[in-house]
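One structure is given below, encoded as structure tokens.
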2 protein chains.
Amino acid sequence: MADVKSGVNPLFLREEELRQGMELLFYAYRDFTAEADDMLERLGFGRAHHRVIYFVGRNPSIPVTELLSILRITKQSLSRVLGELVRRGYITQRPGLRDRRQRLLELTPEGIELERQLSETQRQRVARAYRHAGAEAVEGFRKVMLGMVEERDRDKLAARSADRPVAVRR
Amino acid sequence: MADVKSGVNPLFLREEELRQGMELLFYAYRDFTAEADDMLERLGFGRAHHRVIYFVGRNPSIPVTELLSILRITKQSLSRVLGELVRRGYITQRPGLRDRRQRLLELTPEGIELERQLSETQRQRVARAYRHAGAEAVEGFRKVMLGMVEERDRDKLAARSADRPVAVRR
DNA sequence: GCAGATATGTCAACATGGCTGACGTAAAAT
DNA sequence: ATTTTACGTCAGCCATGTTGACATATCTGC
């Protein structure tokens, strides 16, 4: 009775369902990044620069180590792109007050403007998808996506929907 | 009365909501790929090899051009990884019957086994996220993700959930 | 049947962005 | 006083993306 063709096989359906989810991740990420990549190329930057600009803009005064733990790359890889962004005037570094070993990162006004432009198409893409799918679907999207993320990063992300400061840095 | 702190500003909330969605994409993709990348490295392959193996396994007898249109890379980039996979016995090529210019790609038994191993952790991650979020959330996830994908690829993906062959190739 | 388009492959050269390992300095923590 | 931490830097390697040019086989349209 293992009738594969009729789809009564729950294992087959499950596998198919999971593969569809995997593919959605691939396709969505592919298209999510494509437009910003074009813009970056015209500026002589790459996707790595965008990630740094994005997360510095999102976490003003972030120390280097924390940025590394978000990006999950080595400090050498980061310092290459970070150095360019600092030299070209998009990011500034200042020593931490409590811990003067730290270099706290901030976007300059130019950095803020660049971040805004770069993320604009991406925000629009997400906005469009949210609008078409509806509020309930968005809740489901968040739940599932959060479940894909490593546990140690979940709180940080889940907190984002609340209307309160997520972290306090001085 | 533009009280930013109290969150009554709908623009602020919307922006925050969208940025959270963007970050979910980044974090989920980062963690979705990490485990398989480790396994690939041990085999002397990279993520690009995985993508090729995955989509060839998913679309048996796929011609090269179609694979290129899925991956959105140049044929030179593809031919490098594809060549290695063919040489190392994970993929076979055979001429198309209707169009003998085509090289239709198939996984060998070794390729099927490798694909299974590589995707196993990813399937588990998706399965876990689906299980914890529930069926309704999964529907929402699908809707939103589909809305992020370029329109021309949506049909192909949406059809996947149905229990019928998606394409017929000979 | 010929001309042009298409599917594929290949070569050379280059850029981006990962990685490792080694080493150095300043400041904090014990 | 020593060790640990935060950060930076140098040199070099590898994977994977790019462009442009060119070759071959085959298909399609007139």
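Residue numbers start from 1 in every chain, and the chains themselves are labelled A, B, ... in the order their sequence lines are given, proteins ahead of strands.
Side-chain nitrogen and oxygen atoms of A:S77 include at least one within less than 4.0 Å of the OP1 or OP2 phosphate oxygen of C:dC19. Taking only side-chain nitrogens and oxygens, B:S79 never comes nearer than 4.0 Å to OP1 or OP2 of C:dG9. Residue B:R51 has a polar side-chain atom (N or O) positioned under 4.0 Å from OP1 or OP2 of D:dG17. Phosphate proximity of C:dG17 to A:H49: present, with a side-chain N or O under 4.0 Å from OP1 or OP2.
Rounded to whole Å, the distance from CD1 on A:I73 to P on C:dC19 is 7 Å. In this entry the distance linking CD of B:E66 with P of C:dT6 reads 17 Å, nearest Å. Per the geometry, CG belonging to B:L104 stands 11 Å off P belonging to C:dG9, to the nearest Å. Look at CG on A:L68: it is 16 Å from P on C:dG17, rounded to the nearest Å. Atom-to-atom, CG of A:L78 to C1' of C:dT16 comes out at 15 Å; the value is rounded to the nearest Å.
At a cut-off of 3.5 Å, with distance as the only test, no side-chain donor of B:Q20 or B:E16 sits close to an acceptor on the other residue.
Between C:dG18, C:dA7, D:dT16, one nucleotide has an atom nearer to the side chain of B:A48 than all others, and that is D:dT16. Which of C:dG17, C:dC11, D:dC7 sits closest to the side chain of A:R80 comes down to C:dG17. Taking the side chain of A:D99 as heavy atoms from C-beta on, and the options D:dT9, C:dA28, D:dA25, the nearest nucleotide is C:dA28.
A perpendicular orientation is assigned to the rings of A:H50 and A:Y54, their planes being inclined by more than 60° (bins at 30° and 60°).
Within 6.0 Å of the CD atom in A:E150, the count of heavy atoms belonging to other residues, nucleotides or ligands exceeds 12.
Between A:F32 and B:Y29, the gap from one ring centroid to the other reaches at least 6.0 Å.
Along DNA chain D, the nucleotide closest to A:Q102 and the one closest to B:F45 are compared, and the more 5′ of them pairs with A:Q102.
Counting atom types as modelled, B:Q76 pairs a side-chain N or O with a base atom of C:dT10 as donor and acceptor under 3.5 Å.
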